[in-house]
Visitor: 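Let me begin by handing over the structure; questions about it come next.
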There are 4 protein chains.
Amino acid sequence: MATRLRVAVIGAGYWGPNLARNFRSSADWELAAIVDLDRARAQKVADSVGGVLVLTDVEDALTDASIDAVAIATPARTHHPLAMRALAAGKHVVVEKPIADSSERAREMVDEAERRGLVLMTDHTYCYTPAVQKIRELVADGSLGDILFIDSTRINLGLVQPDVDVFWDLAPHDLSIIDFVLPGGLAPTQVAAYGADPIGAGKSCVGYLMMPLQNGGMAHVHVNWMSPTKIRQMVIGGTRRTLVWDDLNPQQRISVYDRGVDLLRQTGFETDRATATVSYRLGDTWSPALSEREALSAMTEEFAGAIRDRRSARTDGYSGLRVLEVLEAASRSLAASEAFTPVRGALAASV
Amino acid sequence: MATRLRVAVIGAGYWGPNLARNFRSSADWELAAIVDLDRARAQKVADSVGGVLVLTDVEDALTDASIDAVAIATPARTHHPLAMRALAAGKHVVVEKPIADSSERAREMVDEAERRGLVLMTDHTYCYTPAVQKIRELVADGSLGDILFIDSTRINLGLVQPDVDVFWDLAPHDLSIIDFVLPGGLAPTQVAAYGADPIGAGKSCVGYLMMPLQNGGMAHVHVNWMSPTKIRQMVIGGTRRTLVWDDLNPQQRISVYDRGVDLLRQTGFETDRATATVSYRLGDTWSPALSEREALSAMTEEFAGAIRDRRSARTDGYSGLRVLEVLEAASRSLAASEAFTPVRGALAASV
Amino acid sequence: MATRLRVAVIGAGYWGPNLARNFRSSADWELAAIVDLDRARAQKVADSVGGVLVLTDVEDALTDASIDAVAIATPARTHHPLAMRALAAGKHVVVEKPIADSSERAREMVDEAERRGLVLMTDHTYCYTPAVQKIRELVADGSLGDILFIDSTRINLGLVQPDVDVFWDLAPHDLSIIDFVLPGGLAPTQVAAYGADPIGAGKSCVGYLMMPLQNGGMAHVHVNWMSPTKIRQMVIGGTRRTLVWDDLNPQQRISVYDRGVDLLRQTGFETDRATATVSYRLGDTWSPALSEREALSAMTEEFAGAIRDRRSARTDGYSGLRVLEVLEAASRSLAASEAFTPVRGALAASV
Amino acid sequence: MATRLRVAVIGAGYWGPNLARNFRSSADWELAAIVDLDRARAQKVADSVGGVLVLTDVEDALTDASIDAVAIATPARTHHPLAMRALAAGKHVVVEKPIADSSERAREMVDEAERRGLVLMTDHTYCYTPAVQKIRELVADGSLGDILFIDSTRINLGLVQPDVDVFWDLAPHDLSIIDFVLPGGLAPTQVAAYGADPIGAGKSCVGYLMMPLQNGGMAHVHVNWMSPTKIRQMVIGGTRRTLVWDDLNPQQRISVYDRGVDLLRQTGFETDRATATVSYRLGDTWSPALSEREALSAMTEEFAGAIRDRRSARTDGYSGLRVLEVLEAASRSLAASEAFTPVRGALAASV
């Protein structure tokens with residue numbers, strides 16, 4: 001093991017303590033400092049990990065040449081200024097999601113990191129769970145074949161957020177995961193979003209998001225704050241197999257079905273689509289064993305690996321940027337009052 | 001019990017035998033004849049119900065004054081001409097779904113029945129299952145409150161149909177059920193449909209359909225021929241309670257959750273939406289016992305009741321018409337290449 | 001394909017029509033006659049399979065030299081006399097379960113068939129389902145390793161039978177399946193049965209049956225007429241893998257878990273049990289695809305195969321005999337008022 | 001609120017920190033001290049609750065007149081001496097389960113507490129979960145009617161314990177819960193236990209325990225360390241309704257089924273059992289909402305309530321004693337090599 005990298009955690013609110021605990025217990029990292037304007041809050045986090053330097057001025061961390069990296073866990077609107085200052089000070093940066101409060105500012109961060117040759121990583125924690133790691137692996141090694149469709153459902157009785165709608169609250173999880181597991185990342189050129197606000201909350205509480213995939217496929221995300229039952233499920237259909245991830249079933253989170261539909265094309269002469277034969281595979285189901293590793297532990301390892309190998313992190317700044325771009329397009333789609341086709345004769349229908 | 005009504009079943013193919021068997025065992029009906037151009041096929045159905053008159057010419061049934069009604073179970077394109085002739089002959093008519101092969105022809109049938117004061121019923125069989133009957137009852141008696149959203153999923157590894165896409169194959173079930181349980185019936189003025197054809201079948205194999213409901217709510221239908229797992233689920237969210245219908249769980253098909261989100265509005269002065277308080281109910285769950293009655297038996301009873309009471313059937317011609325109008329609008333929406341919003345910067349994204 | 005064997009079905013009650021239908025559609029068999037004292041009942045079954053000879057006297061079938069075999073589907077008390085006469089007439093015999101109304105009479109049947117070199121088969125239909133066939137295969141090919149324990153649950157809200165208790169009503173299924181899948185068959189030398197009759201039905205309505213397996217293992221069967229939920233589950237634990245069969249989950253009836261407990265023994269010197277190390281395997285889960293074949297179709301094929309190959313059927317007379325012997329021992333165990341150990345001090349306990 | 005009671009937690013190992021945290025956050029209690037022979041370990045627990053007196057000699061706590069009670073969370077063999085000394089010092093006592101390492105010593109503790117008029121409570125934590133509290137309530141208010149049978153399953157891939165068998169490891173949970181919810185407590189006069197040790201661990205790894213209930217009913221407990229799937233389920237059948245508790249289903253832990261079997265007895269003249277008519281109820285299912293309260297918080301409240309009201313705690317010393325008595329009887333039953341009935345003819349069976 002090489003010398004440990006030194007990191008300062010900026011922000012001692014909700015997420016900071018988790019970061020501090022995982023950097024502390026990592027073989028790759030030395031936790032160098034906790035930074036928060038509120039010294040008492042920072043001290044409490046420092047105590048919880050057995051003691052570490054407490055700072056109230058972020059400059060003290062940025063000017064400390066022994067510190068290699070910072071982990072930013074502050075409110076979203078401060079991500080950009082803090083990350084830009086840290087990059088300017090030559091520090092590698094990992095930022096809690098969302099990477100910034102707009103794609104424009106996220107792009108500035110990405111460009112700055114690239115110019116300086118520093119690692120800029122988005123902490124898309126879900127991507128580092130054993131389940132999502134396994135999904136990425138199965139897509140990458142061709143077990144599923146080409147991806148035909150993705151259908152993701154993330155619904156429950158949820159808190160109506162004061163500042164964001166259900167898309168911005170829940171869909172970042174689905175989008176960052178799709179970005180992580182697809183070989184080409186999340187790269188839709190267009191989206192369509194439909195939302196409903198049946199309780200008059202002033203924002204969408206039920207939302208549907210559609211994104212064309214390559215080759216005629218489609219990704220669909222259903223987010224909902226009003227469902228009495230909780231569902232966390234993603235189906236990824238491929239040409240070879242279909243994977244179902246049910247995150248609420250600890251006994252069988254991932255199922256890989258060797259079932260599917262194939263279109264058989266005759267070779268040697270042109271086959272009309274209408275005459276192409278469809279066949280069905282009805283094979284076995286397989287559920288891989290998953291490790292029990294904590295996601296943030298794998299995240300900190302990836303951050304260290306990216307710095308040491310001078311490579312992009314798996315969830316780099318671009319992945320954070322792509323998620324923001326899709327969410328912004330979804331908001332524009334909603335603002336355009338969505339796009340419906342009139343039902344003919346409906347108004348005249350006797351009911 | 002009044003005198004039994006007399007019915008002829010027209011069509012001895014897939015559905016006719018089921019109709020014949022249920023009319024035969026009904027206390028309301030006397031099965032008068034089986035009509036099919038293919039005498040042998042008609043005879044086989046007649047034998048299976050213990051013997052009944054077999055006819056090969058539909059005119060013989062229509063000119064028989066002792067016959068009150070006909071049940072049409074022939075290919076969709078023949079529904080309109082057969083129904084129009086039957087209505088002209090003064091017979092009440094029940095038609096297998098879809099009521100016709102276009103909404104225009106369906107409207108002619110509806111108008112003709114109305115003009116003649118005859119019952120025209122669509123055999124939306126699913127609506128007569130004990131589960132859907134119970135759902136209608138719970139909506140009607142206010143147990144759910146006002147309907148806020150409907151989310152219906154009907155997916156499985158399905159046969160790719162030669163003549164219709166996944167919307168026309170599967171969504172009629174969801175649409176006829178929504179039409180049946182909503183107090184105002186299925187009355188969207190607009191729809192949006194998104195489909196995917198990732199295997200190059202020449203038609204949508206995965207489909208999503210959105211319809212605004214009154215008061216800001218939305219109905220969403222997901223149909224899919226490519227899912228390795230089978231799901232038949234409808235969630236109906238209301239202001240008072242939310243109902244989940246899981247048709248593949250015979251031990252608990254319907255669950256009524258006394259859980260939900262309420263927006264509390266202060267009275268006495270204008271409340272800004274943003275400051276309205278949201279509250280959560282986390283009450284009991286209740287699963288009503290359902291009868292075991294066969295759906296077609298309830299359908300034949302409703303047909304008789306409508307004729308005797310000179311009223312519309314619950315699934316009358318208009319319900320068949322409304323389903324067709326929504327499907328036609330969905331097809332137009334698809335043909336318009338759907339409606340997407342571009343993702344800014346996406347094409348330039350480094351992946 | 002060799003010449004078809006000819007079979008007469010004796011008994012046109014509940015099970016006879018199923019046998020007739022499957023023999024009729026089999027490539028191995030020619031359905032020769034339906035025999036029942038009640039000619040009308042026999043005729044109805046004959047009609048339902050498209051017509052076949054109807055007999056009211058079983059002797060007419062037994063003296064017909066063109067008939068190779070009989071399938072007996074009459075009340076249990078008549079199995080012995082009918083089978084003995086058929087064997088005496090040189091016919092191969094398959095008998096609906098239970099093979100006889102006592103193990104003594106079953107043994108006479110088995111001995112008679114053996115003496116005459118005829119096939120005597122018990123129609124343990126469940127053993128011919130695709131799931132049980134697959135389980136037998138997985139046990140036989142060593143996928144599970146040595147069998148350590150079997151736990152079978154067969155509970156639901158059931159009809160309280162007038163003539164038998166819950167053991168005799170439900171446990172024959174579990175016992176015949178265990179007999180079928182274990183390499184050595186169902187061979188316990190002792191059993192213990194515990195029953196409860198909390199509603200005063202005069203017989204056990206809830207029952208537990210324990211049977212030691214070889215090597216310190218145990219089989220346990222729970223049968224219950226009073227459970228509001230229905231469960232049909234069997235767990236078969238082996239040294240290599242453990243199999244769970246959930247017959248009410250059509251999407252995943254069989255799951256094979258590569259999880260288990262191993263006792264590691266050091267070699268080279270004596271290891272005290274207390275110091276033996278236990279290890280845990282936490283591997284993948286696998287669910288084999290199952291065919292959709294009807295069980296009775298596979299049963300008729302096995303009957304033909306046994307006759308043609310002059311071998312025992314997989315569910316031969318001995319398997320029927322073994323099931324009866326275990327049930328009789330269970331009844332004796334119950335009649336002996338079971339065997340309990342007193343709780344010391346319990347009567348004096350202050351409650 | 002009256003003055004807070006003062007408590008010392010004895011033992012800073014696995015369970016002590018949980019007790020300390022809950023006493024600390026209770027409105028009823030003031031956490032007075034953490035006692036452990038290992039000062040560093042005690043200090044760590046003290047720090048984790050924000051600081052409290054640390055003691056290494058239990059006498060210092062027992063001689064402190066300001067301390068009202070002690071909570072003992074030390075190894076089982078030390079429960080008796082510590083509790084006896086605490087009672088002698090006039091302290092109320094709550095003891096982690098098992099209350100002692102033998103029923104004889106438990107009885108001494110119970111007698112001592114009674115003589116001195118002090119509260120002696122067993123920390124059967126599971127009984128204070130919202131689910132078990134609700135079950136007790138439903139049994140007590142007659143919602144289930146008279147209890148007919150109880151079937152409890154607690155199986156998973158578990159650690160083979162070095163010092164106890166699967167009965168002593170897992171069944172105390174089931175037994176303490178049954179004791180808690182039955183109006184008369186756990187009061188079997190006899191038990192039968194059957195165990196299997198198929199891996200040669202030197203102790204039962206699979207176990208079945210049967211206990212007659214009053215009125216012909218039976219309780220059955222299945223504990224198993226070798227199951228690849230985890231089940232935590234208890235079915236309580238009553239004359240009016242049946243309850244199923246599935247502790248691994250957070251969305252519906254408790255289901256109350258209004259389904260069951262009734263034996264109708266005719267009045268006016270003697271009815272033979274055989275002619276009594278059975279009827280079936282097929283009513284609704286109901287799942288009560290449960291609070292989210294932590295079990296140990298409710299336990300500390302009950303401990304305070306018992307002291308203040310000078311009454312027995314709900315899980316008093318007797319409940320701990322009864323659980324021990326049943327486990328000891330189960331061990332005797334096992335040691336007697338269980339009680340089996342021979343299967344006649346089995347050895348001669350051809351397999």
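Sequence lines set the chain letters: A, B, ... in the order given, protein chains first and strands last, and positions in each chain run from 1. In this text, all values refer to a predicted model and were calculated from it rather than measured experimentally.
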Visitor: With a 4.5 angstrom heavy-atom cut-off, which part of Arg281(C) approaches chain D: side chain, backbone, both or neither?
Guide: backbone

Visitor: Restricting to non-hydrogen atoms, name the atom on Tyr280(D) and the atom on Leu159(C) that form the minimum distance, rounded to 0.1 Å.
Guide: OH-CA, 2.8 Å

Visitor: Would you please name every residue forming a salt bridge (Lys or Arg N to Asp or Glu O under 4.0 Å) with Asp165(D), sequence neighbours left out?
Guide: none

Visitor: So, for Gly217(D) and Pro198(C), which heavy atoms are closest and what is the spacing to 0.1 Å?
Guide: CA-CB, 3.9 Å

Visitor: Would you mind checking which part of Gln233(D) comes under 4.5 Å of any heavy atom in chain C, side chain (CB onward), backbone (N, CA, C, O), both or neither?
Guide: side chain

Visitor: Please state whether the side chain, the backbone, both or neither of Leu213(D) comes within less than 4.5 Å of a heavy atom of chain C.
Guide: neither

Visitor: Could you report the tightest heavy-atom contact between Ala196(D) and Met218(C), atom names first, then the distance?
Guide: CB-CB, 3.7 Å

Visitor: With sequence neighbours excluded, tell me which residues meet side chain to side chain donor-acceptor pair (under 3.5 Å) with Arg105(D).
Guide: His80(D), Asp101(D)

Visitor: Spell out the residues in residues 143-153 of chain C that have some non-hydrogen atom less than 4.5 Å away from a non-hydrogen atom of chain D, in order of number; otherwise answer 'none'.
Guide: Leu148(C), Phe149(C), Ile150(C), Asp151(C)

Visitor: Would you say His220(D) and Tyr194(C) make side-chain contact, with heavy atoms under 4.5 Å?
Guide: no

Visitor: Ile155(D), Leu157(D), Val191(D): which one forms the most heavy-atom pairs within less than 4.5 Å of chain C?
Guide: Val191(D)

Visitor: What salt bridge (Lys or Arg N to Asp or Glu O under 4.0 Å) pairs are there with at least one residue in residues 212-225 of chain D, not counting sequence neighbours?
Guide: none

Visitor: If you tally heavy-atom pairs under 4.5 Å against chain D, which of Pro212(C), Gly237(C), Ser103(C) wins?
Guide: Pro212(C)

Visitor: Check whether any side-chain heavy atom of Thr229(C) lies under 4.5 Å from a side-chain heavy atom of Thr242(D), and answer yes or no.
Guide: no

Visitor: Minimum heavy-atom separation for Arg259(C) to Pro228(D), with atom names?
Guide: NH1-O, 2.7 Å

Visitor: Counting heavy-atom pairs under 4.5 Å with chain C, which one of Ser227(D), Gly158(D), Ser319(D) comes out on top?
Guide: Gly158(D)

Visitor: Which bit of Asn224(C) comes within less than 4.5 Å of chain D, counting heavy atoms only: side chain, backbone, both or neither?
Guide: side chain

Visitor: Using a cut-off of under 4.5 Å on heavy-atom pairs, state which of His222(D), Gln214(D), Glu328(D), Met211(D) scores highest against chain C.
Guide: His222(D)

